[in-house]
Enquirer: 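One structure is given below, represented as structure tokens, and several questions about it will come after.
Values below: every heavy atom of this structure, side chains too, minus hydrogens, waters and symmetry copies. The structure displayed is predicted, hence computed values, not measured ones.
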Number of protein chains: 2
Amino acid sequence: MDHRVTDPASRRVTLRDVADHANCSTATVSRALNSPEQVAVEVRARIDASIKALGYVPNGAARALRSQRSQIVGAVIPTIKYSIYARLIESLERRLAMDGYSLLLTTHDYDPVKELEQTQLLLTRGVEGIVLVGDSHDGGLHQLLAKHRRPYVNTYVFNPASKHPCIGFDNRLAAARAARYLHDLGHRRIAVITGPTKNNDRQADRLAGIRSALEERGLDLPSSMVIERPHLIENGREALEILFQLPEPPTAVLCGSDVLAFGVLSECQELGVSVPNQLSVVGFDDQDFAKHLRPALTTVGIPAVEMGIEAANYILRKLNRQPANNFTNLDVQLIVRGTTMPPAALSTQGKRAVPVSA
Amino acid sequence: MDHRVTDPASRRVTLRDVADHANCSTATVSRALNSPEQVAVEVRARIDASIKALGYVPNGAARALRSQRSQIVGAVIPTIKYSIYARLIESLERRLAMDGYSLLLTTHDYDPVKELEQTQLLLTRGVEGIVLVGDSHDGGLHQLLAKHRRPYVNTYVFNPASKHPCIGFDNRLAAARAARYLHDLGHRRIAVITGPTKNNDRQADRLAGIRSALEERGLDLPSSMVIERPHLIENGREALEILFQLPEPPTAVLCGSDVLAFGVLSECQELGVSVPNQLSVVGFDDQDFAKHLRPALTTVGIPAVEMGIEAANYILRKLNRQPANNFTNLDVQLIVRGTTMPPAALSTQGKRAVPVSA
DNA sequence: GGCGGGAATGTAATCGTATACTTCTGGCGC
DNA sequence: GCGCCAGAAGTATACGATTACATTCCCGCC
């Protein structure tokens with residue numbers, strides 16, 4: 001038995017209080033809130049007045065417990081730090097808010113174990129659906145999701161062969177397109193500065209896409225031309241510095257993110273490397289700042305806002321038992337700006353291919 | 001009466017199931033979860049095994065309803081779009097996660113009514129505490145918070161005269177310091193590009209701080225020298241363009257954010273305005289990119305990460321009934337880099353003050 | 001040997017709401 | 001005038017956990 005005594009004056013206002021005040025039953029008040037059309041107009045008016053007068057705020061926990069609906073959707077993203085996911089989150093939150101849903105946000109720092117834990121925590125909190133990033137997760141995560149039968153969706157990826165619903169784009173193709181573009185311009189010494197590929201299928205796919213696109217053209221990608229670093233501006237700078245200490249520096253560099261590309265441009269200015277004359281640079285994301293860099297950054301534009309909206313739509317449709325596409329492929333665009341052009345001295349490239357001694 | 005029939009096989013696993021499986025009462029299982037030291041080691045082991053075997057996940061709604069603790073803290077911020085608040089959110093989420101709390105995130109787009117609604121929604125969801133941005137909110141918001149007796153804290157501001165707890169810095173002083181610095185360098189034609197000041201006491205305070213600092217030095221700030229625009233790079237560019245169409249363009253410009261300053265630098269490069277020779281530029285925030293701009297941006301460094309951590313600490317301490325400072329003032333630094341120097345032609349400034357005709 | 005007391009566990013009330021089922025009312029058709 | 005039905009409101013249970021209080025058991029001490 002629980003005989004706690006609470007000061008009645010400071011007690012939370014409940015449905016019961018509203019019902020008493022409006023002189024009706026709790027069921028009627030509940031109906032007035034959740035399906036007003038079932039309640040007579042005058043009674044409804046009385047109830048509304050009582051709610052205002054008492055300052056009643058429904059108790060979400062009780063509501064969630066009884067109805068099994070929390071009106072909360074969870075998102076598990078790698079990090080907010082790099083602002084890469086800011087646009088996704090922003091549009092997700094907006095779209096959910098339109099339908100009265102709130103967003104519970106969680107990060108895992110590219111650690112699959114933490115991702116699993118955080119997802120479990122979200123389920124504990126009673127989220128009705130979950131938005132994830134990427135297609136490769138801990139095995140336990142899939143079991144968990146299957147067990148709870150909550151709708152979920154992977155974003156930032158598109159893979160119709162996957163067992164899991166996804167909304168995004170094909171990272172391989174997107175990166176491959178950028179690689180082919182550089183090759184078409186005439187570049188043959190192409191370097192890659194990628195974000196961490198460990199536990200990150202998006203970055204890994206982009207790298208793979210570049211590699212295979214170049215191989216199709218008969219070019220291979222030596223390990224000296226691939227540098228992997230977290231998405232920080234200073235890492236882009238450092239990577240460029242390393243590349244320009246090579247006996248044969250690249251004539252073009254593909255970056256795994258605009259942030260890394262920013263660092264590259266910054267360091268080029270520092271070292272006196274002229275872009276795009278001496279070096280072509282391509283970014284990835286098309287963040288706000290990309291078009292305002294000097295020269296303006298050629299980059300791959302991704303549908304961050306659409307992904308957020310579509311992910312919310314997908315979850316909401318599933319929750320309302322409406323049909324929803326499990327696989328949504330969104331457009332990616334190669335946005336050509338000022339940091340790319342054909343390599344300065346196409347003729348000098350021959351030297352490498354045909355040594356004098358041959 | 002509620003006679004819903006659910007397939008028992010697919011029913012959610014509850015405490016009851018665990019108790020049955022471990023052959024003990026629900027009370028014991030609950031204790032094993034919440035205060036393990038009260039449960040005998042062997043029983044605890046049995047329970048742990050049962051939890052694993054059944055894949056039990058606690059129901060947060062039930063827990064919250066009974067214990068009045070949701071383990072959720074809410075944050076109401078203006079927007080995530082400009083990435084200005086990303087660092088705050090990141091560190092807030094991290095710190096909360098350390099104590100097993102989750103973050104419910106909400107935005108209001110500088111609309112006080114939406115801010116109020118969103119806060120009410122958070123309270124409905126049962127958040128235990130609330131983190132806000134700024135010190136000026138709708139009156140109804142304060143009533144709401146008072147009524148619910150939930151700990152809350154204003155961030156990004158420091159005002160010991162306020163009735164509300166806050167963690168941040170003095171925006172007036174911070175901006176005034178930057179203004180004095182420019183004056184000390186010898187600048188007399190100083191312009192301001194501010195973010196929206198409507199419903200935004202931080203920006204308004206910064207502008208006021210600049211104005212009064214200049215007035216102290218006998219300089220006034222004509223309205224032609226103040227441009228107000230949302231925090232977008234293109235707006236910084238546009239503002240600079242406008243300023244340089246004036247008959248007497250400024251020799252220095254103070255920006256309400258690094259984002260605006262970014263735009264200014266970008267446009268200067270476009271127009272051939274040399275920074276810092278022709279124009280000194282000061283930003284605000286010290287975002288990641290500031291030090292990597294060319295020239296590196298002189299700016300006001302704010303304690304975004306600390307604010308997140310301290311806000312979380314404050315709420316957590318309040319929830320645990322531990323003493324907590326209601327007013328925390330964090331350090332702000334003027335970070336001098338490459339975009340500021342004395343005005344090019346100090347001598348020419350005299351012309352203005354002493355016309356030939358006098 | 002009886003009894004006090006503490007540790008471990010069990011029993012059952014309770015949190016605030018949604019909702020299945022019941023009851024009541026009045027209108028309508030025959 | 002009677003029965004039927006629809007619409008509106010009421011009654012009371014269940015959601016799944018926490019926790020106050022009751023119970024049991026075992027030990028040690030007088």
Side-chain angles (χ1 to χ4, degrees), chain A residues 1-6 8 11-47 50-51 54-71 123-126 128 148, chain B residues 1-6 8 11-47 50-51 54-71 123-126 128 148:
Chain A
M1 282 153 279
D2 191 337
H3 293 152
R4 270 174 302 182
V5 183
T6 28
R11 229 194 55 241
R12 226 197 125 122
V13 179
T14 73
L15 246 203
R16 165 94 270 144
D17 301 320
V18 176
D20 291 348
H21 189 273
N23 200 30
C24 64
S25 75
T26 59
T28 304
V29 178
S30 177
R31 277 190 288 257
L33 285 160
N34 299 308
S35 36
E37 72 283 359
Q38 288 181 33
V39 177
V41 196
E42 48 188 275
V43 180
R44 214 158 61 201
R46 227 164 57 223
I47 292 175
S50 299
I51 289 179
L54 300 175
Y56 168 72
V57 173
N59 182 318
R63 177 180 287 195
L65 175 58
R66 177 60 230 238
S67 67
Q68 309 285 10
R69 312 205 72 180
S70 62
Q71 305 271 93
L123 291 169
T124 291
R125 302 275 185 261
E128 293 185 41
H148 281 78
Chain B
M1 281 152 280
D2 190 338
H3 292 150
R4 270 174 302 181
V5 183
T6 29
R11 230 194 54 244
R12 223 194 127 121
V13 180
T14 73
L15 244 204
R16 164 97 272 143
D17 300 321
V18 176
D20 290 348
H21 189 272
N23 200 29
C24 64
S25 75
T26 59
T28 304
V29 178
S30 177
R31 277 191 286 258
L33 257 53
N34 299 306
S35 34
E37 71 284 358
Q38 287 181 34
V39 177
V41 195
E42 48 188 276
V43 180
R44 213 157 62 203
R46 228 165 54 224
I47 291 175
S50 299
I51 289 178
L54 299 176
Y56 168 72
V57 174
N59 181 320
R63 178 181 292 202
L65 175 58
R66 176 60 230 235
S67 66
Q68 310 284 10
R69 312 204 73 184
S70 63
Q71 306 270 93
L123 291 169
T124 290
R125 302 273 185 263
E128 293 186 40
H148 282 80

Enquirer: Please work out if A/Val29 contacts a base, only the sugar-phosphate, or nothing of the nucleic acid, heavy-atom cut-off 4.0 Å.
Expert: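 It contacts nothing in the nucleic acid.
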
Enquirer: I need the minimum non-hydrogen distance between A/Thr26 and A/Leu15, along with the two atoms involved.
Expert: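 Looking at all heavy atoms of both residues, the closest pair is O-CD1, 3.8 Å.
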
Enquirer: Measure the distance from CZ on A/Arg44 to C1' on D/dA9 and round it to the nearest whole Å.
Expert: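 One finds 14 Å between C1' of D/dA9 and CZ of A/Arg44, rounded.
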
Enquirer: Rounded to whole angstroms, how far apart are CZ on A/Arg12 and P on C/dG16?
Expert: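 About 7 Å, once rounded to whole Å.
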
Enquirer: Base, sugar-phosphate alone, or nothing: which one does B/Thr14 contact when heavy atoms must sit under 4.0 Å apart?
Expert: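 Answer is sugar-phosphate: B/Thr14 comes under 4.0 Å of backbone atoms only.
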
Enquirer: Would you mind classifying the nucleic acid contact of B/Thr28 as base, sugar-phosphate or nothing, using non-hydrogen atoms under 4.0 angstrom?
Expert: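 B/Thr28: backbone/sugar contact only, no base atoms under 4.0 Å.
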
Enquirer: Between C/dG16, D/dG16, C/dA18, which one does the side chain of A/Thr26 approach most closely?
Expert: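 Among the listed nucleotides, the one closest to the side chain of A/Thr26 is C/dA18.
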
Enquirer: About how many Å separate CZ of B/Arg46 and CD1 of B/Ile51, when rounded to the nearest 0.5 Å?
Expert: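 B/Ile51 atom CD1 to B/Arg46 atom CZ measures 12.5 Å (nearest 0.5 Å).
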
Enquirer: Identify the two heavy atoms, one from B/Val57 and one from B/Arg12, that lie closest to each other, and give their separation to 0.1 Å.
Expert: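 Smallest interatomic distance, heavy atoms only, reads O-NH2, 3.1 Å.
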
Enquirer: What is the separation between atom CG on A/Leu65 and atom P on D/dT18, rounded to the nearest whole Å?
Expert: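 Result: 12 Å.
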
Enquirer: Does D/dG16 have its OP1 or OP2 closer than 4.0 Å to a side-chain nitrogen or oxygen of A/Gln68?
Expert: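 Affirmative; the distance criterion is met.
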
Enquirer: Which is true for B/Leu15 with a 4.0 Å heavy-atom rule: it touches a base, it touches only sugar-phosphate, or it touches nothing?
Expert: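 It contacts base atoms.
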
Enquirer: In the structure I gave you, are the side-chain heavy atoms of B/Val43 and B/Arg31 within less than 4.5 Å of one another anywhere?
Expert: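 In short, these two side chains do not touch, never coming nearer than 4.5 Å.
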
Enquirer: Counting only side-chain heavy atoms from C-beta out, which of D/dG16, C/dG10, D/dA8 sits nearest to A/Ala40?
Expert: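 Among D/dG16, C/dG10, D/dA8, the one nearest the side chain of A/Ala40 is D/dA8.
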
Enquirer: Could you tell me how far apart B/Gln38 (CD) and D/dC21 (C1') are, to the nearest whole angstrom?
Expert: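 The answer, rounded to whole Å, is 14 Å.
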
Enquirer: Could you check which of D/dA9, C/dC15, C/dT17 has an atom nearest any side-chain atom of A/Tyr56?
Expert: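 So the nucleotide nearest the side chain must be C/dT17.
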
Enquirer: Output the distance between atom CD (A/Gln68) and atom CG (B/Asn59), rounded to the nearest 0.5 Å.
Expert: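 Going from the CD atom of A/Gln68 to the CG atom of B/Asn59 covers 7.0 Å.
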
Enquirer: Heavy atoms from C-beta onward define the side chain here; which of C/dT9, C/dT14, D/dG10 lies closest to that of B/Arg66?
Expert: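 The answer is C/dT14, which lies nearest to the side chain.
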
Enquirer: Take the protein atom CG of A/Asp20 and the nucleotide atom P of D/dG10, then report the distance between them rounded to whole Å.
Expert: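 One finds 11 Å between P of D/dG10 and CG of A/Asp20, rounded.
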
Enquirer: Quick one: closest heavy-atom pair of A/Leu65 and B/Ala61, and the distance?
Expert: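 Closest approach of A/Leu65 to B/Ala61: N-CB, 3.7 Å.
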
Enquirer: Considering only side-chain heavy atoms of A/Asn59, which listed nucleotide, D/dT11, C/dA18, C/dT17, is closest?
Expert: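 Nucleotide nearest to A/Asn59's side chain: C/dT17.
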
Enquirer: Which of the following nucleotides, C/dA18, D/dG10, D/dT19, is nearest to the side chain of A/Ser67?
Expert: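 It is C/dA18.
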
Enquirer: Using only heavy-atom distances, decide whether a donor-acceptor pair under 3.5 angstrom links the side-chain of A/Arg63 to the base of C/dA18.
Expert: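 In this structure, the two groups form no donor-acceptor pair.
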
Enquirer: Distance check needed: C/dT17 C1' versus A/Ile51 CD1, whole Å only.
Expert: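 Answer to the nearest Å: 13 Å.
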
Enquirer: Mind calculating the distance between CZ (B/Arg69) and P (D/dG16) to the nearest angstrom?
Expert: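 Value for this atom pair: 23 Å.
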
Enquirer: Does D/dT18 have OP1 or OP2 sitting under 4.0 Å from an N or O in the side chain of B/Asn34?
Expert: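 Looking at the OP1 and OP2 atoms of D/dT18, one of them is under 4.0 Å from a side-chain N or O of B/Asn34.
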
Enquirer: Counting the atoms with a prime plus P, OP1 and OP2 as sugar-phosphate, which does A/Ala27 contact under 4.0 Å by heavy atoms, base, sugar-phosphate, or nothing?
Expert: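 Touches a base.
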
Enquirer: Within this structure, what is the CZ-to-P distance between B/Arg31 and C/dT9, rounded to whole angstrom?
Expert: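 Going from B/Arg31 (CZ) to C/dT9 (P), I get 8 Å.
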
